[in-house]
Amino acid sequence: METVSTAELPAKERFAVWREVSATRWLPVVAGCDPHLESTFQVQADFSELGPVQMVLMTTTPQWIHRTPKLIRRSDPETFLVTCTVHGRVWTEQDDRHAELHVGDLSLRDSSQPCLTRLTPSRQAAQMVFLQFPRAFLPFPQRDLRELMGLRIPGDQGVGALSSQFLLHLARHLHTFSPADTARLSVLTLDMLTAALASELDAHSMVPPHTRQSALLAEIRAFILANLGDAHLSPDAIAVAHHISRRYLHKLFHADGHTVAAWIRERRLRQCRRDLADPRLAAHPIGAIAARWGFTSPAHFSQAFRSAYGLSPRQFRQQYPGAR
């Protein structure tokens, strides 16, 4: 991950620096800002690559970003762009279509067509995820996708909600993923977007079966991560929540090389390990941390932790002086 931030720059230089970054670092665009807001302008952009998917998590005060005809003629990577609002509001325009995006909403755009994005017309900062990837990675005819360009894809209902939840979780926890996780996330991200767009196009038959399965698996994993602290989280509960049989749930995880219980246990242990190393949680008993992440038996937690990491939870915590 590479981070660009204006926080340490003199106020009068911040927007000029950001304008240059916007024109060269990612998809070339022209950045603009109301003159009376330039003195308070701030932005931080975290650039990441998930295989063929380029991702930017941007936190910014008001600005607008314009992909102009001149820039398109100069250089066009022929990619699709997806925006997901994390917080604040975003206004997008393309093909004479206008959309106001609220938290979780998605928008699809084409790098070959002029587009305009306006970010929070107030002094409150906004945060959004931008994704860019080759057109060939979506299994739909161009003429069909043009029907969606510049429109709001709701993030509060249907498959769009599942996709936005996945992207929001990805944005908030990207720094915690390993390189191996990152490589797999590119596939999951594209599968989730494909499922969401298929739903909008009412074209599920155009989505390959393996993509539907991958999208469902990503949805289930997001559900598990959101409910890790629930001691009653079980394969039965997960299957019921997703309207599938327990057998099919196990089949999905088995095809990915895991069991449901093992995947849940591994994620719970990761969260416990993170908390045990956190000096801000030094006063929290080990048992309380384990219970926070769904372990009801201290003895079982200690055994599982030692088996996974070669140390008892207490021994692990002693490696971090500030967390003791």
Side-chain angles (χ1 to χ4, degrees), residues 1-33 37-67 71 75 77 79-90 92 101 103-104 106-107 109 111 117-120 123-133 164-186 188-190 193 225 270-271 274-275 277-280 320 322:
M1 179 185 297
E2 177 186 353
T3 297
V4 174
S5 173
T6 60
E8 303 300 323
L9 296 175
K12 63 181 180 181
E13 297 180 12
R14 291 171 187 162
F15 192 73
V17 170
W18 175 244
R19 186 185 291 116
E20 182 177 351
V21 171
S22 300
T24 59
R25 176 60 181 80
W26 200 46
L27 180 71
V29 295
V30 176
C33 179
L37 294 178
E38 287 193 14
S39 62
T40 58
F41 179 79
Q42 288 279 14
V43 65
Q44 176 174 313
D46 299 316
F47 296 88
S48 302
E49 291 192 3
L50 308 177
V53 180
Q54 292 180 284
M55 176 178 178
V56 181
L57 175 62
M58 182 188 300
T59 305
T60 179
T61 54
Q63 64 166 301
W64 49 261
I65 299 172
H66 192 190
R67 176 81 172 147
L71 289 174
S75 174
T79 56
F80 284 131
L81 310 170
V82 171
T83 300
C84 179
T85 307
V86 180
H87 62 75
R89 293 186 180 181
V90 179
T92 64
L101 308 182
V103 175
L106 307 175
S107 177
R109 285 167 292 166
S111 69
T117 304
R118 298 182 183 276
L119 313 171
T120 57
R123 292 183 179 273
Q124 181 182 4
Q127 188 174 57
M128 65 242 35
V129 175
F130 294 102
L131 302 176
Q132 181 181 197
F133 51 89
S164 70
Q165 290 169 15
F166 175 79
L167 291 177
L168 293 176
H169 180 84
L170 181 64
R172 292 165 180 157
H173 299 279
L174 189 62
H175 64 283
T176 68
F177 295 113
S178 68
D181 290 332
T182 300
R184 298 180 63 190
L185 284 170
S186 66
L188 294 176
T189 300
L190 290 169
L193 290 175
L225 292 174
R270 286 186 184 183
Q271 296 298 332
R274 184 197 65 182
D275 287 358
D278 190 342
R280 296 171 297 181
Y320 298 87

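Everything numeric in this text was worked out from a predicted model, so none of it was measured.
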Less than 4.5 Å apart, any side-chain heavy atom of [X] and any of [Y]?
{"X": "S48", "Y": "Q54", "value": "no"}
{"X": "F41", "Y": "T60", "value": "yes"}
{"X": "L37", "Y": "T61", "value": "no"}
{"X": "L131", "Y": "L167", "value": "yes"}

Set out, in order, the CA-CA distance, both residues' side-chain angles and the distance that settles side chain to side chain contact (heavy atoms under 4.5 Å, CB included) for L27 and F130, then state yes or no. CA-CA 11 Å; L27 180 71; F130 294 102; over 6 Å; no
Answer yes or no: is there a donor N or O on one side and an acceptor on the other, between the side chain of [X] and the main chain of [Y], under 3.5 Å?
{"X": "R14", "Y": "Q42", "result": "no"}
{"X": "R67", "Y": "P28", "result": "yes"}
{"X": "S5", "Y": "Q44", "result": "no"}
{"X": "T79", "Y": "Q132", "result": "no"}

Given K12, R19, E13, the one that forms side chain to side chain contact (heavy atoms under 4.5 Å, CB included) with F15: R19
Closest contact, heavy atoms only, L106 versus L101: O-CD2, 3.9 Å
Which heavy atom of S22 sits nearest to which heavy atom of A31, and what is that distance? OG-CB, 3.7 Å
Would you compute the distance between atom [atom1] of [X] and atom [atom2] of [Y] and round it to the nearest 0.5 angstrom?
{"X": "L225", "Y": "R270", "atom1": "CG", "atom2": "CZ", "value": "9.5 Å"}
{"X": "L81", "Y": "W26", "atom1": "CG", "atom2": "CH2", "value": "5.5 Å"}
{"X": "M128", "Y": "T85", "atom1": "CE", "atom2": "OG1", "value": "6.5 Å"}
{"X": "S164", "Y": "L193", "atom1": "OG", "atom2": "CG", "value": "10.5 Å"}
{"X": "L119", "Y": "M58", "atom1": "CG", "atom2": "CE", "value": "6.5 Å"}

